[in-house]
Every structure is written in structure tokens, then in C-alpha cells.
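Presented below is the structure to which this report refers.
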Protein chains: 2
Amino acid sequence: MRADAQRNYDRIVSAASEAIAQDGAEASLEAIARSAGVGSATLHRHFPSRWSLMEAVFAERVGCLIDRAEELRDAPEPLDALVRWLREVAAYATTTRGLAAALLNGPPAESGTCQAHLIAAGEPLVRRAVEAGLVRGDVATADLLTLVNAISLAAQQAGPEEAERLVTLVLEGVLVRQG
Amino acid sequence: MRADAQRNYDRIVSAASEAIAQDGAEASLEAIARSAGVGSATLHRHFPSRWSLMEAVFAERVGCLIDRAEELRDAPEPLDALVRWLREVAAYATTTRGLAAALLNGPPAESGTCQAHLIAAGEPLVRRAVEAGLVRGDVATADLLTLVNAISLAAQQAGPEEAERLVTLVLEGVLVRQG
DNA sequence: ACGTAAAGTGGGGTGGTGCTCCATTTCGAT
DNA sequence: ATCGAAATGGAGCACCACCCCACTTTACGT
């Protein structure tokens with residue numbers, strides 16, 4: 001990639017990051033290009049779809065979550081580590097406007113997407129909790145992430161404390177526990 | 001309301017219903033007005049926001065769910081009735097493109113909205129299941145509906161069988177049941 | 001039955017969008 | 001320094017939501 005192309009790429013991602021933080025996932029691509037000091041055509045060549053731009057913007061933030069998952073992989077309490085990580089994912093998704101929507105509405109879990117990376121990062125946490133007999137064996141990491149993201153999306157209207165409640169509810173189940 | 005206004009109102013809702021079924025919640029209002037044989041200004045006067053049009057379109061379908069809730073209110077098995085109803089809500093939301101999104105992204109549970117009506121309809125079902133000792137006492141009807149809708153939204157990409165799995169997961173809980 | 005005031009209408013205008021050509025500029029290997 | 005390829009951005013296209021306003025239709029008091 002040529003030097004100027006790289007420079008423009010970075011400026012677009014940076015501008016998009018700000019725009020999305022401010023206006024959510026529906027931020028105007030035109031405005032992003034403008035504030036990056038770049039023609040709209042340039043934006044569209046670097047990022048053929050809104051989704052691909054999303055991925056680039058969120059790559060860094062998703063990276064944080066992945067690092068966190070690796071940190072927690074050797075934590076003493078397997079279940080605590082998993083729950084803590086899921087809550088962090090939820091918090092990120094709720095805070096970063098549009099992350100949840102982007103993760104959910106994007107093409108489902110193709111390899112190389114940030115979804116795929118998140119799933120891969122969470123997998124060991126889930127497996128450890130399952131092997132410790134603390135989490136049901138038939139739950140997939142992808143299911144968990146989908147649920148957490150769906151909750152974050154739903155709670156963007158209702159507020160973060162609602163999200164907390166729902167996550168707890170999902171973990172413990174709606175039905176009463178009868179031995 | 002004048003007779004012609006009522007007529008146009010109905011034609012708009014009807015056209016919108018078809019358009020949304022075909023193109024999802026992002027259907028073009030302009031196109032809806034056109035296919036209703038009505039000027040765009042008329043549509044915008046009757047329905048100041050996309051959301052208000054959504055509500056009108058879904059009112060009928062939500063009505064079906066409310067009727068169903070009343071039917072199930074006296075069913076022999078309280079838990080079975082609740083679960084069955086929730087699954088029907090999920091099925092409706094998944095099938096009717098945009099219902100879930102409309103329910104979730106709309107202004108949260110103001111009185112008079114279809115959310116409020118759904119919650120009111122589901123309330124007795126939940127209460128009965130709680131009183132029978134089958135559902136945890138601290139789950140709100142609104143929480144349940146939010147979850148079901150969130151799942152439907154998430155599963156619109158993944159497919160209906162994924163939605164089924166997630167609903168079951170939410171009911172039974174992620175953690176293993178330890179007496 | 002009819003005239004009129006007000007409620008209702010829709011075409012056209014405005015400002016915005018996502019996206020694509022393509023003539024021009026810029027880079028970097030030779 | 002040169003030259004071809006890579007990269008650019010502005011003009012253009014079709015579409016969108018939404019608003020203004022001259023015109024038509026309705027319902028009601030007489």
C-alpha cells in the first residue's frame with residue numbers, strides 16, 4: 001500500500017471513530033469523509049461497505065477485549081473470569097454506540113471479522129468454566145456473545161442498569177431451580 | 001377525523017404493512033406513500049415519525065398476540081402457557097421483519113404504545129407462573145419481552161433455530177443447576 | 001339544498017444521502 | 001529525471017425524508 005493511501009486510511013478511521021462515538025452507527029459516511037479531509041470516493045474505495053468501516057473502527061476496541069480475555073484465561077476462578085469478561089463485553093457494547101448493532105447486523109461470524117476474533121478469545125474462558133462443571137456444556141461461545149450483544153442493544157434505550165439485570169437473568173435462568 | 005382522511009390513513013397503513021413485510025423496517029416512506037396513491041406530505045402529516053407508522057402497522061399483529069395471551073391466561077399449565085406465549089412472541093418478531101427492531105428501538109414503554117399493551121397482556125401469565133413457584137419472582141414481564149425481542153433481533157441474521165436455542169438458554173439459564 | 005370555512009391534500013422544492021465515473025494528480029521504482 | 005501505475009476527489013446520479021403552500025374536498029350551520 002502506498003504511503004499516501006495508508007495515511008488517508010488512517011485519517012478516515014480516525015474520523016469515523018469520532019463520528020460514530022458521537023452519532024452512533026448510522027453516522028453519515030459523507031460527513032466522515034469530509035471531516036477526514038478526503039473525497040467520498042476515497043472512503044468508498046478503502047471501505048466498500050459501511051460494515052467494513054465499522055470493523056476497522058472497532059478493531060482496536062475489540063482488541064482490548066481480546067487482550068482482557070487472555071489475561072483472564074488463567075484467573076483462579078473460571079466462572080468468575082467468564083462472567084467478568086462477559087460483563088466487560090456488555091459494558092463495551094453498551095458504551096460504544098453502535099458496537100452491538102454492528103456486531104449483530106454484520107455478516108454472521110465470517111472468519112477474520114471481529115466477531116470471529118471475539119469468539120475465539122472467549123472460547124477458552126467458556127471451556128474452562130464448562131470443564132469446572134459451572135456452566136452447562138451445551139452453550140456455545142457464540143451463543144453467549146450473541147446474547148450479550150442483543151442485551152446491550154436492547155438496553156441502549158433502557159439504560160445500563162437494565163443491561164446488568166438482564167445479563168444476570170440470562171446467567172441464572174428465568175425458571176426456578178428445582179434440584 | 002374526516003372520512004377522506006380516514007380512508008387515506010387506512011390505505012397508508014395497508015401499503016406500509018406490505019412494504020415492511022417485503023423490505024423490513026427501513027422501507028422507503030416515499031415508496032409507501034406512492035404505492036398508497038398518496039402524496040408524501042399526507043403520509044408525514046398522519047405519521048410524524050417512522051416510529052409512529054410502525055406502531056400503526058404492527059398494532060394489528062400485536063393485537064393477535066394480546067388475544068393469544070388472554071386465551072392462555074386460563075390454560076391448565078401456567079408455565080407451559082407462559083413459555084408457549086413467549087415463543088409465539090419470538091416467532092412473530094422473527095417472522096415480521098422489523099417488529100423486533102421497532103419494539104426495541106422505539107421510545108421505551110410509554111403508555112399507549114404496543115410495548116405497553118404487550119407487557120400488560122403478558123403480566124398475568126408471568127404472575128401465574130411465579131405464583132405456581134415455577135418462575136423466579138424477581139423477573140419482570142418487561143424484562144422477558146425485552147429479552148425475547150433482543151433475541152429475535154439477533155437471530156434475524158442467524159436464523160430461527162438459533163432463536164429457539166437462545167430462548168431455551170435464557171429460560172433454563174447458562175449456569176449449571178446446583179440444588 | 002346550499003355556501004362557506006376549515007380540514008385535508010399532493011406536487012414540487014430543499015438539503016441531505018450513498019455510491020460511481022473519470023480526468024487529474026501524486027508516488028516511487030527505474 | 002522519467003514514466004507508468006496507483007491513488008485521488010469533485011461532479012454527477014438516483015434516492016431519501018421532510019416542508020411549504022396553492023388547491024380541493026368535506027361537513028356543518030343555515
Side-chain angles (χ1 to χ4, degrees), chain A residues 1-58 97-99 101-107 113 157, chain B residues 1-58 97-99 101-107 113 157:
Chain A
M1 184 184 270
R2 247 167 60 174
D4 54 345
Q6 180 68 52
R7 201 189 31 144
N8 278 339
Y9 182 100
D10 292 341
R11 295 178 68 175
I12 290 171
V13 170
S14 165
S17 181
E18 286 182 30
I20 287 175
Q22 190 168 8
D23 303 331
E26 302 297 307
S28 155
L29 300 182
E30 210 81 5
I32 290 172
R34 223 177 300 128
S35 92
V38 141
S40 63
T42 301
L43 185 150
H44 283 286
R45 188 163 345 91
H46 281 298
F47 305 98
S49 69
R50 169 174 243 109
W51 168 248
S52 62
L53 178 56
M54 288 286 173
E55 282 237 328
V57 168
F58 291 136
R97 298 185 48 170
L99 214 201
L103 287 175
L104 276 181
N105 295 332
T113 65
Q157 296 285 336
Chain B
M1 183 184 267
R2 252 168 57 172
D4 55 344
Q6 180 68 53
R7 205 196 32 177
N8 278 340
Y9 183 99
D10 292 341
R11 296 176 69 174
I12 290 171
V13 171
S14 165
S17 181
E18 286 182 30
I20 287 175
Q22 191 169 8
D23 303 330
E26 301 298 307
S28 153
L29 300 182
E30 210 81 6
I32 290 173
R34 222 178 300 127
S35 91
V38 140
S40 63
T42 301
L43 185 148
H44 283 285
R45 187 160 349 88
H46 281 299
F47 306 98
S49 69
R50 170 174 243 109
W51 167 248
S52 61
L53 179 56
M54 288 286 173
E55 282 238 328
V57 168
F58 291 138
R97 298 183 48 172
L99 214 201
L103 287 175
L104 275 181
N105 295 331
T113 65
Q157 296 286 335

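None of the values given here were measured: they were computed from a predicted structure.
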Fill in the blank from the handout: the helix from dA1(C)-dT30(D) to dT30(C)-dA1(D): angle between terminal helix axes, five bp per end, to the nearest 10 degrees, reads 10°
Residues 13-41 of chain A side chain polar contacts: donor-acceptor under 3.5 Å, at least two apart:
residue	atom	partner	partner atom	Å
Ser17(A)	OG	Arg61(A)	NH2	2.9
Ser28(A)	OG	Glu30(A)	N	3.3
Ser28(A)	OG	Ala31(A)	N	3.0
Ser35(A)	OG	Ile32(A)	O	3.4

Handout entry: Sequence neighbours excluded, every pair satisfying ring pair (Phe, Tyr, Trp, His ring centres under 6.0 Å) that has a member inside residues 23-42 of chain A
Key = none
Practice task
Not counting sequence neighbours, list each pair that qualifies as a ring pair (Phe, Tyr, Trp, His ring centres under 6.0 Å) and has a residue in residues 17-38 of chain B.
Solution key: none
Exercise for the section: Figure out the CG/C1' separation between Asp10(A) and dA7(D), and round it to whole Å. Expected result: 15 Å
Fill in the blank from the handout: salt bridge (Lys or Arg N to Asp or Glu O under 4.0 Å) filter on Arg2(A), not counting sequence neighbours, yields Asp4(A)
Problem - Heavy-atom closest pair, residues Ser49(B) and Ser52(B) - result: O-OG, 2.7 Å
Handout entry: salt bridge (Lys or Arg N to Asp or Glu O under 4.0 Å) involving Asp10(B) - partner list, sequence neighbours excluded
Key = none
Problem - Nucleic acid footprint by protein, nucleotides 24-30 of chain D - heavy-atom cut-off 4.0 Å, B for base, S for sugar-phosphate alone - result: -BBS---
Handout entry: Straight-line distance of His44(A) NE2 to Arg50(A) CZ, nearest 0.5 Å
Key = 9.0 Å
Completion exercise
Contact string for nucleotides 11-21 of chain C, one letter per nucleotide 5' to 3', B = base within protein heavy-atom range under 4.0 Å, S = sugar-phosphate only, - = neither, reads BB----SBBBB
Completion exercise
When rounded to whole Å, the CZ to C1' distance for the pair Arg11(A) and dG9(D) reads 13 Å
Handout entry: Inter- and intrachain pairs under ring pair (Phe, Tyr, Trp, His ring centres under 6.0 Å), touching residues 7-29 of chain A, at least two apart
Key = Tyr9(A)-His46(A), Tyr9(A)-Phe47(A)
Practice task
Round to the nearest Å and state the distance from Leu43(B) atom CG to dC19(D) atom P.
Solution key: 12 Å
Problem - Straight-line distance of Arg11(B) CZ to Leu43(B) CG, nearest 0.5 Å - result: 12.5 Å
Handout entry: Side-chain N or O of His46(A) closer than 4.0 Å to phosphate OP1/OP2 of dT8(D)
Key = yes
Exercise for the section: For dA7(D), take OP1 and OP2 only and decide whether either is under 4.0 Å from a side-chain N or O of Asn8(A). Expected result: no
